[in-house]
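Treat the numbers as computed from the prediction; the structure is a model and nothing was measured. A note on names: the letters A, B, ... follow the listed sequences, proteins ahead of strands, and every chain is numbered from 1.
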Amino acid sequence: MRNEEVARVFERVADLLEIKGESVYRVLAYRRAAETLRGYGRDLEEVWKAGALREIPGVGEAIAAKIDELLRSGRLEYFEKLKGEVPETLSDLLQVGDVGPKKAARFWKEMGITTIDQLEEAARAGRLRTLSGMGERSEARILQSLEALRRRSSDRLPLGRAVHEAGRLLERLRSVAGVERAEAAGSLRRQRETVGDLDLIVAARDRERVRQEVAEWPDVARVLGQGETKTSLELRDGLRVQLWVHPPERFGSAWLYATGSKAHSVRLREMALDRDLSLSEHGFKRADGKEILCREEEEVYRALELPWIPPEIREDLGEVEAARAGRLPRLVEEGDLRGDLHAHSEWSDGAVDIRTLAEAALDQGLAYLAITDHSQSLGMVQGLTPERVHEQRAEIDAVQRSLGPSLRILQGAEVEILADGSLDFPDSVLTRLDLVVASLHTSLRQPRAQVTERVLRAIANPHVDMLGHPTGRLIGKRDPADLDMEAVFRSAAEHQVVMEINANPERLDLNDGHARAALGFGCLLAIGSDAHHPDHLAFRSFGVGIARRAWATRQNVLNTWAAPEVEAWLGRRRRPGPRDRG
DNA sequence: GCCGTTTTCGGCCCGACTGTTTTCAGTCG
């Protein structure tokens, strides 16, 4: 069983326990475990085999035993028993807005409702309002939430689109009179790979004015809720937006709160309590009732004797402990990137010629660029034959001569890892390239042992410098290959093969958890844009987000190095080694 | 159910918003 499957079981368990009315803390424990497993870079099965389940944050004796049972037998007796007490489909009702565990339990016990369809039928028939404490308005709200649920694609928004939408809205907010600041918060600011809804925060004195302006925006479909500090909107395309408005002197605590993660916020509040302070989005409150306001996030952290913690690692996955011990890493920044080692020209499936791409890279301040067009077997993207590789070298040399030394252009290739693990170019071609990126594009559905062996074989090939988008996943569209990632990382570290964080927002592959695990095995990372158009070079910012979420420093990322260092490193690897087996 | 510079037991964050209630429960983040 994969991490995701186990996480799903625990999520269901949490839902059913909650509907049953169990202790919220027990429910929380299952939710936390599910959440942690989902983002965990290491394979649960491997951790299990190593007898290290208890080292996973949020996994104690009871949950470790349940993971053990699940991995051993594929089922969980506790879950089966629970399903006998509470209909499993009730857990779906919790997906409906304004329906929580209490209402779900009442719908079930008092009306026999166990599915979303039955809920909708009852709401349409006006039967929900007959329950005590429920009126017409509650019923109407639930109907609206049901519609929203059906309309909303089940998937979260990819980070790329979320950044775009947020940028648009923030620009508008900043133009509203009296708005001093407007910033993104939530999982968008934390650079999660997908975003559930947009969290935006504004510093302004005149809250009423901001609220009125926003409610009149043309793309607002409806206002879901509006209060003193918080407005909740649904845009015409179904996207949900949370907007907080706070006075500037409280902006720091408010931004911190709106950014989360929830687990991180809870940790900080607990630390505040240890100091006889109560922390909320409005600031600190002392025992005597006096307030301590924080205009900047730094002031909140300082009051807790912590350095400012970057949003990308605010997940309660060790950052608070690291901060307390003064061991926060200095995370890699976009400005640290000096080159791009993954880009396509019109020699294969890119949109522009090498010169245009190179000039764009130069414009963006890059010092080097690797042209990595596809290899021959990928016919549909005009993969290069060995002859064409040779011809391309002449063009690269020509562009290099005319651009001069300010941009170093490397000739690489994104070489297909064939179904048997051999590479799509013979050694005679590979050895002439400056950089070999090996990638999977086909036969991604091979069984675990086979696809893992195939990648391990590619990694062991002495010509391979980097593994491109290692799992091959497309977010929301194509599942990752079923790789034994630990084996891949171990081998990559041993053979000094760089693991790519592919920064295309549809890929983000490695993901954050994997990248962090890879660093744990001693792998070197690279952030590649996989640009097929000059505009795509800017994708690298998404890759930086992933790298930061993985706690990567500048030293961990190959393309933060200066061009001569990178070339020296690649050149050193070019020499045939004793482990050469072709 | 988890967890511990104090605890192996007894804690476990804080507030906004809504609707249906005359004081609060449920949901959400």
Expressed as a whole number of Å, how far does the [atom1] atom of [N] sit from that of [M]?
| N | M | atom1 | result |
| --- | --- | --- | --- |
| dC12(B) | dT5(B) | P | 16 Å |
| dT22(B) | dC17(B) | P | 22 Å |
| dG29(B) | dC13(B) | C1' | 12 Å |
| dG15(B) | dT21(B) | P | 28 Å |
| dT27(B) | dT20(B) | P | 14 Å |
| dT6(B) | dG11(B) | C1' | 12 Å |
| dG4(B) | dT8(B) | C1' | 9 Å |

Closest approach to the side chain of [X], judged atom by atom: which nucleotide of [options] is it?
| X | options | result |
| --- | --- | --- |
| R141(A) | dC13(B), dG19(B), dC2(B) | dG19(B) |
| Y257(A) | dT20(B), dG1(B), dG29(B) | dG29(B) |
| D199(A) | dC13(B), dT27(B), dG29(B) | dG29(B) |
| A62(A) | dC2(B), dC13(B), dG26(B) | dC2(B) |
| R32(A) | dG29(B), dC3(B), dT27(B) | dC3(B) |
| S138(A) | dT20(B), dC13(B), dG15(B) | dT20(B) |
| T229(A) | dG1(B), dA16(B), dC13(B) | dA16(B) |
| E270(A) | dC13(B), dG1(B), dG29(B) | dC13(B) |
| E228(A) | dG1(B), dC17(B), dA16(B) | dC17(B) |
| A29(A) | dC13(B), dC17(B), dG1(B) | dG1(B) |

Quiz item: Within 45 degrees of the axis of the six-membered ring of F10(A) and under 6.0 Å from its centre: does K66(A) put its NZ or CZ there?
Solution: no
Exercise. Would you verify whether the NZ or CZ of R189(A) falls within 45 degrees of the ring axis of W255(A) while also being under 6.0 Å from that six-membered ring's centre?
Key: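 Geometry flag: set, cation within 6.0 Å and 45°.
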Practice problem: Respond yes when some side-chain nitrogen or oxygen of K66(A) is under 4.0 Å from OP1 or OP2 of dG1(B), and no when none is. | Solution: yes
Quiz item: Is any side-chain nitrogen or oxygen of R137(A) closer than 4.0 Å to OP1 or OP2 of dG19(B)?
Solution: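 Result: yes.
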Self-check item: NZ (K83(A)) with more than 12 external heavy atoms under 6.0 Å
Solution: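 Result for NZ/K83(A): enclosed.
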Interatomic distance, [X] [atom1] vs [N] [atom2] [rounded to whole Å]:
| X | N | atom1 | atom2 | answer |
| --- | --- | --- | --- | --- |
| D274(A) | dG11(B) | CG | P | 14 Å |
| Q144(A) | dC17(B) | CD | C1' | 16 Å |
| I63(A) | dC3(B) | CD1 | C1' | 12 Å |
| R26(A) | dG10(B) | CZ | P | 17 Å |
| L28(A) | dC3(B) | CG | C1' | 13 Å |
| R190(A) | dG29(B) | CZ | C1' | 11 Å |
| W244(A) | dC17(B) | CH2 | P | 11 Å |
| R222(A) | dT18(B) | CZ | P | 13 Å |

Quiz prompt | Shortest non-hydrogen separation from L170(A) to A184(A) and the atoms involved | solution = CD1-N, 3.7 Å
Quiz item: Closest approach of R240(A) and D197(A), non-hydrogen atoms and distance?
Solution: O-CB, 3.1 Å
Quiz item: Taking for each residue the nucleotide of DNA chain B with the nearest heavy atom, is it I56(A) or T231(A) whose nucleotide lies nearer the 5' end?
Solution: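 Mapping each residue to its closest nucleotide by heavy atoms, the 5'-most match is I56(A).
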Self-check item: Upstream residue (5' side of DNA chain B) when S132(A) and S265(A) are each assigned their closest nucleotide
Solution: S265(A)
Quiz prompt | Stacked pair Y25(A)-dC12(B), distance under 5.5 Å, angle under 30° | solution =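 Aromatic stack with dC12(B) present for Y25(A).
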Quiz item: Going by heavy atoms in the side chains, are E183(A) and R174(A) under 4.5 Å from each other?
Solution: yes
Self-check item: Validation row: L159(A), Q191(A) side chains within 4.5 angstrom (heavy atoms)
Solution: yes
Contact class for [X] vs. all strands (heavy atom < 4.0 Å): base, sugar-phosphate, or nothing?
| X | result |
| --- | --- |
| K230(A) | sugar-phosphate |
| L268(A) | nothing |
| S232(A) | nothing |
| E136(A) | sugar-phosphate |
| G97(A) | sugar-phosphate |

Quiz prompt | Test side chain to side chain contact (heavy atoms under 4.5 Å, CB included) applied to V86(A) and L82(A), step by step | solution = CA-CA 6 Å; V86(A) 182; L82(A) 212 50; 5.5 Å; no
Quiz item: Paired with dT8(B) by Watson-Crick or G-U wobble geometry, both distances under 3.5 Å: which nucleotide is it?
Solution: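 Answer to the pairing question: none, since dT8(B) forms no Watson-Crick or G-U pair.
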